[in-house]
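We use all heavy atoms of the structure for the numbers below, so side chains are in, but hydrogens, waters and symmetry mates are not. Quick note on labels: first sequence line is chain A, next is B, and so on, each numbered from 1. These numbers come from a predicted model, not from an experiment.
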Protein chains: 2
Amino acid sequence: MVGIKDVAEAAGLSVATVSRALNGNPSVSDAARERVLAAADALGYRPNVVARSLRTHRTGTIGLVISDVLNPYFTELARSVEEEARALGYSVIIGNADERADLEDHHVRNLLERRIDGLLVSPADGHSPRTLEAASGPTPVVFVDRWIPGVDVPVVRSDGRGAIRDLVDHLCSLGHRRLAIITGPTATTTGRERVDAFRETLAAHGIPLPESYIGRGDFQVESGRLATERFLDLPERPDVVFATDNLMALGALDAIGERGLRVPHDIGLAAFDDIPWFSHTDPPITTISQPTAELGRVAVRALADLVEGGAASSTVLPAHLVVRRSCGEPDPRTPSGGAARE
Amino acid sequence: MVGIKDVAEAAGLSVATVSRALNGNPSVSDAARERVLAAADALGYRPNVVARSLRTHRTGTIGLVISDVLNPYFTELARSVEEEARALGYSVIIGNADERADLEDHHVRNLLERRIDGLLVSPADGHSPRTLEAASGPTPVVFVDRWIPGVDVPVVRSDGRGAIRDLVDHLCSLGHRRLAIITGPTATTTGRERVDAFRETLAAHGIPLPESYIGRGDFQVESGRLATERFLDLPERPDVVFATDNLMALGALDAIGERGLRVPHDIGLAAFDDIPWFSHTDPPITTISQPTAELGRVAVRALADLVEGGAASSTVLPAHLVVRRSCGEPDPRTPSGGAARE
DNA sequence: ACGGTGCGTGTAAACGTTTACATGATAGGA
DNA sequence: TCCTATCATGTAAACGTTTACACGCACCGT
């Protein structure tokens, strides 16, 4: 491999000058700069960023630990994170936790050992020891989407509570009374927030949420299927089930289809996270949409601020309801206030 | 940051012994090993992999450049790559090319500068200069899914031609005669393979493929929509359109839905790549399924072989047809031979 | 008692950069 | 003309590891 040394030799200059020329240091003469560039080009010189990082203590890399790469919500997040990071001069290393705390641990450790400049994490579960450790360590950390309460780290997330209120209002306006929910892991903040907001709004409408109408999922397809099967076995089947992420909604659809039931005629379905396929399912699915790409961008900017010595603050972006047909046809005379329509 | 030096001091040993103990070198006494481990633990020592990499010329990292993170096919690939790589002791850095040659270039360069041990790439386009350069450079390279003809690099891919033959047979058996195709970029091998196999099988059935029935797409949603709109504007609308990836199929669905047309009654639709949503669209979509996760695993193993000094060979895995309802109901008396059914 | 063997440990160089500091040349001011 | 400031460049240390080599010691066979 050709190094800075070879370039120096070819250009008849010292390594210091070559390094300076390559880094755009102003205190190098035009003549020297030209010779360096020519030599580097001729030799096909490629900087060795690992050596550079060792010396500078900066890797130009941020880590992103997401909960599940197979979840379109997170891939969209990852994409916008990478895009913004690239614009800011950083590379991104993605770690996929598959909703498992041990994998999250693995990736957090791995990324820290690689001496990333900053870490973006969507904690799968509040109990990953490495994540907690990282949060109080020297490497800047920003939580995105989910966070860990009580940990003093900036959070960039969206607040789904308003949209969930709109959703429940919408469901009630359609005449539904038996509402069920498939939750995420209650150890995650998003999991808890969604079920809490749901329960509170139900209470405001004077509707109870019996334990049998709460399915405990883990944000994965299979758990959505299982929870839905349990609902369908109930003597009093719910009018509509609200799956708190898109994968569990897919599982619910699987379970409903397997019984030969039809949405929304036999049972309604609502979801969280809007993904392109939701317009094309049978029927199109009513869901709550987050400003996913924006979340990623804001999170990266917050982290970059932190890395560069600034002080980042938390951001909360609103989510909104997107009404489609999976909960029944809305009565045109009584639009539910404030909810967005397609 | 606490380094090996601090550990050495705390343990009352030299850095060499500490390094050896930490790396499981057998020539260190149990007593010393224990002291080292205790000291490292007490100090919260974390190895600095960038220093290690500089010295050993190995980063324990492989790069993966995929064509599009938003494409579920590639995220499934990425997931299996990471999983297998982790099992083999490697980390993965993913670069997303978004089907753009310039981004592919960017990521290939970036990864090589990071001195990854090996590179897995699904070339977006045959003309990315860096990818070609990398293929003949010192860093081991394996192509996955797509490849560049004439470049001497192992390829791990699936062969869709057999499945496309099955698909065309299936469509003909349903009585369809006007078959249209939305291709990928013809600079990609998968793009070309799919249209070639389609055209050949059509010819074998004595059916022409007029230019107007070939929509030139780029594996992205929007191009699928545009191509489909053009088909729908034709005086003789095709009986069925075959979108050669899942995103363009989504675009086609968009276009068809916007005209108020119904699949398969007004027009049939077939796709390439099976994704979970295809069972839940309206109607469920007939498609060609690749052994995606297996492709990822095999590719990683091939690359790891190469990295460790072995000689890797190419692998071709078969794809197969999955018949659903988007091309019309099959006549139960004439099952199309060999095609898998759900 | 002696040379050889092996084992555990230490010393120091090396990996490819960046950068503080030193140096030499040039130019400017008096 | 000399002193000094400025500028371009060079020298060498440092970043945190790994590892070739050297060393000292205990043990073995003769």
Practice task
Compute whether any side-chain donor of one residue and acceptor of the other, for B:R157 and B:T189, lie under 3.5 angstrom apart.
Solution key: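 No - no donor-acceptor pair under 3.5 Å links their side chains.
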Exercise for the section: Begin from the C-alpha positions of B:D102 and B:R100 and carry the test salt bridge (charged side-chain N to carboxylate O under 4.0 Å, His left out) through to its verdict. Expected result: CA-CA 5 Å; B:D102 63 321; B:R100 285 167 44 189; 2.8 Å; yes
Practice task
For residues A:L22 and A:Y45, determine if any side-chain heavy atom of one lies less than 4.5 Å from a side-chain heavy atom of the other.
Solution key: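 A side-chain contact under 4.5 Å exists here.
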Handout entry: Euclidean distance, atom CZ of residue A:R115 to atom C1' of D:dC15 [Å, nearest integer]
Key =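 Taking CZ of A:R115 and C1' of D:dC15, I get 11 Å after rounding.
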Practice task
State the CD-OG distance between B:E104 and B:S122, to the nearest 0.5 angstrom.
Solution key: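 One finds 8.0 Å between CD of B:E104 and OG of B:S122.
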Handout entry: Distance, rounded to the nearest Å, where B:D30 contributes CG and C:dG8 contributes C1'
Key =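 Atom CG in B:D30 sits about 12 Å away from atom C1' in C:dG8.
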Exercise for the section: Would you kindly give the CG-to-C1' distance between A:N25 and D:dG10, to the nearest whole Å? Expected result: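 One finds 14 Å between C1' of D:dG10 and CG of A:N25, rounded.
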Exercise for the section: Indicate yes or no: at least one non-hydrogen side-chain atom of A:E99 is less than 4.5 angstrom from one of A:D218. Expected result: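 Contact flag for A:E99/A:D218 side chains = no.
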Practice task
Using five base pairs at each end, measure the axis-to-axis angle across the helix from C:dA1-D:dT30 to C:dA30-D:dT1 and round it to 10 degrees.
Solution key: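 Roughly 50°, once rounded to the nearest ten degrees.
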Problem - Among D:dT17, C:dT19, D:dT19, the nucleotide that comes nearest once only the side chain of A:T56 is considered - result: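 Selected nucleotide: C:dT19.
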Exercise for the section: Round to a whole Å and report the spacing from CZ of A:R35 to C1' of D:dA8. Expected result: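 It works out to 12 Å between those atoms.
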Just list the side-chain donor-acceptor pairs under 3.5 Å for residues 1-15 of chain B, sequence neighbours left out, or say none.
from, atom 1, to, atom 2, distance (Å)
B:D6, OD2, B:G3, N, 2.6
B:S14, OG, B:A16, N, 3.4
B:S14, OG, B:T17, N, 3.4
B:S14, OG, B:T17, OG1, 3.2

Problem - Side chains of B:R52 and B:N48, donor plus acceptor under 3.5 Å - result: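 The criterion, which ignores hydrogens and geometry beyond distance, is not satisfied for B:N48 and B:R52.
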Handout entry: Closest-nucleotide ordering on DNA chain D, the 5'-leading residue of B:V50 and B:R20
Key =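 Closest to the 5' end, via its nearest nucleotide, is B:V50.
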Practice task
Please examine the side chains of B:D117 and B:Y90, heavy atoms only from C-beta on, and report whether any two atoms are closer than 4.5 Å.
Solution key: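 In contact.
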Problem - B:L54 side-chain proximity, nearest of D:dG16, C:dT17, D:dG10 - result: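 Between D:dG16, C:dT17, D:dG10, the one nearest the side chain of B:L54 would be D:dG16.
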Problem - Sub-4.5 Å side-chain heavy-atom contact between B:P185 and B:R146 - result: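 Counting from C-beta outward, B:P185 and B:R146 never come under 4.5 Å.
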Handout entry: Short side-chain N/O contact from B:S19 to OP1 or OP2 of D:dT18, under 4.0 Å
Key =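 So the side-chain polar atoms of B:S19 do come within 4.0 Å of the phosphate oxygens OP1 or OP2 of D:dT18, strictly under.
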Handout entry: Whole-Å distance separating the CZ atom of B:R55 from the P atom of D:dA14
Key =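 The distance from CZ of B:R55 to P of D:dA14 comes to 19 Å, rounded to the nearest Å.
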Exercise for the section: Starting from P on C:dT23, measure out to CG on A:L13 and report it in whole angstrom. Expected result: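 In whole Å, C:dT23 P and A:L13 CG are 20 Å from each other.
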Problem - Strand-adjacent residues in residues 107-114 of chain B, judged by heavy atoms under 4.0 Å from DNA chain C - result: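 Correct list: empty, so none.
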Practice task
Indicate, with a heavy-atom threshold strictly under 4.0 Å, whether B:S29 touches base, sugar-phosphate, or nothing.
Solution key: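 Sugar-phosphate contact only - B:S29 comes under 4.0 Å of backbone atoms but never of a base.
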Exercise for the section: Please work out if B:T17 contacts a base, only the sugar-phosphate, or nothing of the nucleic acid, heavy-atom cut-off 4.0 Å. Expected result: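 Sugar-phosphate contact only - B:T17 comes under 4.0 Å of backbone atoms but never of a base.
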Problem - Any B:N48 side-chain nitrogen or oxygen under 4.0 Å from OP1 or OP2 of D:dC15 - result: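 Result: no.
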Problem - Length of the line joining A:R33:CZ and D:dT9:P, which is rounded to integer Å - result: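 It works out to 9 Å between those atoms.
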Practice task
When you get a sec, tell me which of D:dT9, D:dT17, C:dT11 is the closest nucleotide to the side chain of B:I4?
Solution key: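 Comparing D:dT9, D:dT17, C:dT11 against the side chain of B:I4, the answer is D:dT17.
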Exercise for the section: Kindly say if A:S53 contacts the phosphate of C:dT17, meaning a side-chain N or O under 4.0 Å from OP1 or OP2. Expected result: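 A:S53 to C:dT17 OP1/OP2: no side-chain N or O under 4.0 Å.
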Exercise for the section: Return the 5'-most residue of the pair A:R52, B:P26 with respect to DNA chain C, ranking by each residue's nearest nucleotide. Expected result: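 The residue mapped nearer the 5' terminus is B:P26.
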Practice task
Could you say whether A:A16 or A:M1 is positioned toward the 5' end of DNA chain C, judged by the nucleotide with the nearest heavy atom to each?
Solution key: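 The residue mapped nearer the 5' terminus is A:M1.
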Handout entry: Atom pair distance, as rounded to whole Å: NZ in B:K5 and P in C:dA12
Key =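 Answer to the nearest Å: 13 Å.
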Handout entry: Note, B:L112 side chain near A:R46 side chain (heavy atom, < 4.5 Å)
Key =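 SC-SC contact between B:L112 and A:R46 ruled out.
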